[in-house]
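Numbering of residues begins at 1 and proceeds along the displayed sequence. What's counted below: heavy atoms across the whole structure, side chains too, no hydrogens, waters or symmetry copies. All values reported here derive from a predicted model rather than from experimental measurement.
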Amino acid sequence: MDKIRAERLCIIIPGFLLGVLLMFFSGCTPRPPEQEFITLGALLPLTGDSSDEGLRALNGLHQAKEEINASGGIDGKMLDILVLNDRGDRVFILEQYEKLINQGVRAIIGSSYSGPTIALAEISEQHGIPIISPTASNPAVTLGRSNVFRAIFTDDYQAQVMAHFAFNKLKAQTAAVLSNLSIETYIHASLVFAETFSSLGGQIIAYETYNSEEDFHLILQHLKEHNLDIIFCPEDFYPASVLVNTAYDLGLSDTVLLGTDAWDGILTYVYNPRAMENVYYTAPFSYDDPDEKISDFVKNYYSLFGQMPLAGSATAYTSLYLLSSAIEKAGSTSWPEIIAAMKSQETDTILGTIQFDENNNPYINVYIIQIKEGQYSAYDRISLIGRS
């Protein structure tokens, strides 16, 4: 389905929208012979069930690339990005990775979800090429890997933040935790939340596991009897919307539903806005933050795409700026020198000032997002850094 052609970034994927988006990038026009380019790669899920997140990231990359090149590029060299569809598949992404390596890219941005990104991270260690994921939050993505970075917080950290929010801000005392048995990273996040909430003084009344969103109705019917303060469920945004809709239908109006960053985009699938009145989730970004950097990013994004940016666009945008800053600091496109610059730099971004820790994870704030009057809105912004 994906085919690299000499003109750069010619990707054949069905759908007129994706075709329009891809035309924004450097392909398919010949390069001026006198202009030097730095070529980066991107692996994103652009088709299939994961494509919403991939297309958001694609938008963010386009915006950042256009801004960087408009301001003179990196030391006068323009950025060029080869984007390939990884389908959100941990096997297919390896084939696409080899194509990028053969094209001589200097770093790779991707992927959006943790499963394919872990596969990408493992194979990339053999070559030592810099990798940065916009949204893969499983701690295993970067753990012990010197060449792999991320632009988002980890599942552990956001689960801890949500537990603190539930106990300290919502004053919750009782909770149930739901865990998807088929996704390891979500199981781990559920356990971290339960442990943190309990350590703060809260009580976990039930820990429920499930195989698909079809199980939510029976689980919530059972939990309704306990009159819980909160239910925490790390999930992707579509199953999360099923959870929210089901809770609303069953009349769990006094129980707050809590989720993680993968809930971003949930509003598309919730059929009754009133169902979102008691819903909160974590995110690395909120488009209503009044910070000037964020406001400028949001205005430019809206002018380009006619919609407001969600977190996946902001983190992809940030990923490209982090790489560009590292290449400029290194004064080189050598893989080891880019990695060394990434590790040592402190970069001011729309997600805040980013400095990577020993496992190449960024120190950034966590937004608590709620849906207010049919719009995503920042309810709170929390950092646990520096707390004992």
Side-chain angles (χ1 to χ4, degrees), residues 1-13 22 25-28 31 36-48 50 54 57-58 61-62 64-65 68 73-74 77-136 140-151 316 319-320 322-328 330-343 360:
M1 183 177 294
D2 301 307
K3 182 179 179 183
I4 302 177
R5 294 167 56 184
E7 296 89 351
R8 322 299 288 180
L9 202 74
C10 297
I11 302 178
I12 302 173
I13 296 173
L22 292 175
F25 286 83
S26 59
C28 301
R31 294 175 170 181
E36 290 187 83
F37 282 78
I38 295 172
T39 304
L40 306 180
L43 292 168
L44 299 170
L46 301 177
T47 56
S50 304
L58 186 66
L61 289 183
H62 164 64
K65 172 180 171 288
I68 292 167
I74 302 173
K77 298 177 182 179
M78 296 293 102
L79 275 178
D80 193 12
I81 305 178
L82 297 178
V83 181
L84 295 185
N85 177 21
D86 64 35
R87 301 178 187 168
D89 185 285
R90 64 180 66 202
V91 175
F92 187 65
I93 195 173
L94 304 182
E95 299 178 24
Q96 301 296 69
Y97 167 79
E98 292 294 340
K99 292 179 183 179
L100 291 181
I101 290 294
N102 291 336
Q103 289 292 316
V105 299
R106 307 320 302 158
I108 295 175
I109 298 166
S111 182
S112 296
Y113 288 95
S114 292
T117 307
I118 289 173
L120 173 64
E122 289 172 348
I123 194 172
S124 74
E125 288 184 288
Q126 301 173 19
H127 300 98
I129 185 172
I131 302 287
I132 182 166
S133 170
T135 49
V141 167
T142 61
L143 186 64
R145 307 183 203 279
S146 63
N147 66 308
V148 184
F149 301 79
R150 77 176 97 230
S319 296
L320 187 52
L322 288 168
L323 279 175
S324 300
S325 176
I327 293 169
E328 186 172 28
S332 167
T333 57
S334 159
W335 292 347
E337 292 184 52
I338 294 173
I339 291 168
M342 287 280 283
K343 289 177 179 292
N360 298 338

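- For the side-chain hydrogen bond (donor to acceptor under 3.5 Å, both in side chains) with N360, the lone residue among R150, K343, R145 that qualifies is K343.
- A distance of 12.5 Å separates CD in Q103 from CD in E98, rounded to the nearest 0.5 Å.
- At least one side-chain heavy atom of V105 sits less than 4.5 Å from a side-chain heavy atom of I129.
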Checklist entry - R106 and W335: side chain to side chain contact (heavy atoms under 4.5 Å, CB included), yes or no, with the steps? => result CA-CA 7 Å; R106 307 320 302 158; W335 292 347; 3.4 Å; yes

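- Among I131, I109, I38, the one residue that satisfies the side chain to side chain contact (heavy atoms under 4.5 Å, CB included) test with L323 is I109.
- For D86 against G88, the heavy-atom pair with the smallest separation is OD1-N, 2.7 Å.
- The aromatic rings of H127 and Y97 sit tilted relative to each other, their planes meeting at an angle between 30° and 60°.
- To the nearest 0.5 Å, atom CG of residue L79 and atom CD1 of residue I68 are 5.0 Å apart.
- For the atom pair N147 CG and S124 OG, the distance stands at 4.0 Å (nearest 0.5 Å).
- Side-chain contact between V148 and L120 is absent, with no heavy-atom pair separated by less than 4.5 Å.
- Two residues are said to be in side-chain contact when any heavy atoms from C-beta on lie closer than 4.5 Å; P130 and I108 fail this criterion.
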Next on the checklist: I'd like to know whether L82 forms a side chain to side chain contact (heavy atoms under 4.5 Å, CB included) with T39, so could you lay out the CA-CA distance, the side-chain angles of the two residues, the decisive distance to 0.1 Å, and finally the verdict.
Outcome noted: CA-CA 7 Å; L82 297 178; T39 304; 4.0 Å; yes

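- Atom CD1 in I93 sits 11.0 Å away from atom CD in E95 (nearest 0.5 Å).
- Rounding to the nearest 0.5 Å gives a distance of 9.5 Å between CG of L43 and CG of L94.
- In this structure, A42 and L100 approach most closely via the heavy-atom pair N-CD1, 3.9 Å.
- Between I118 and R90 there is no side-chain heavy-atom pair separated by less than 4.5 Å.
- For the side chain to side chain contact (heavy atoms under 4.5 Å, CB included) test with Q96, the passing option among I101, V83, L84, D89 is L84; the others fail.
- Of all heavy-atom pairs between A330 and E337, the closest is CB-O, 3.6 Å.
- Looking at T117, its side chain does come within 3.5 Å of a backbone N or O of S111 through a donor-acceptor pair.
- What you find for A326 and A341 is that their closest heavy atoms are O-CB, 3.3 Å.
- With N85 contributing its side chain and L46 its backbone, the two residues share a donor-acceptor pair below 3.5 Å.
- Heavy-atom minimum distance, L44 versus S112: CD2-OG, 3.8 Å.
- Annotation for A64 and L320: closest pair CB-CD2, 3.7 Å, computed over non-hydrogen atoms.
- Here the CE atom belonging to M342 is positioned 9.0 Å from the CD1 atom belonging to I327, to the nearest 0.5 angstrom.
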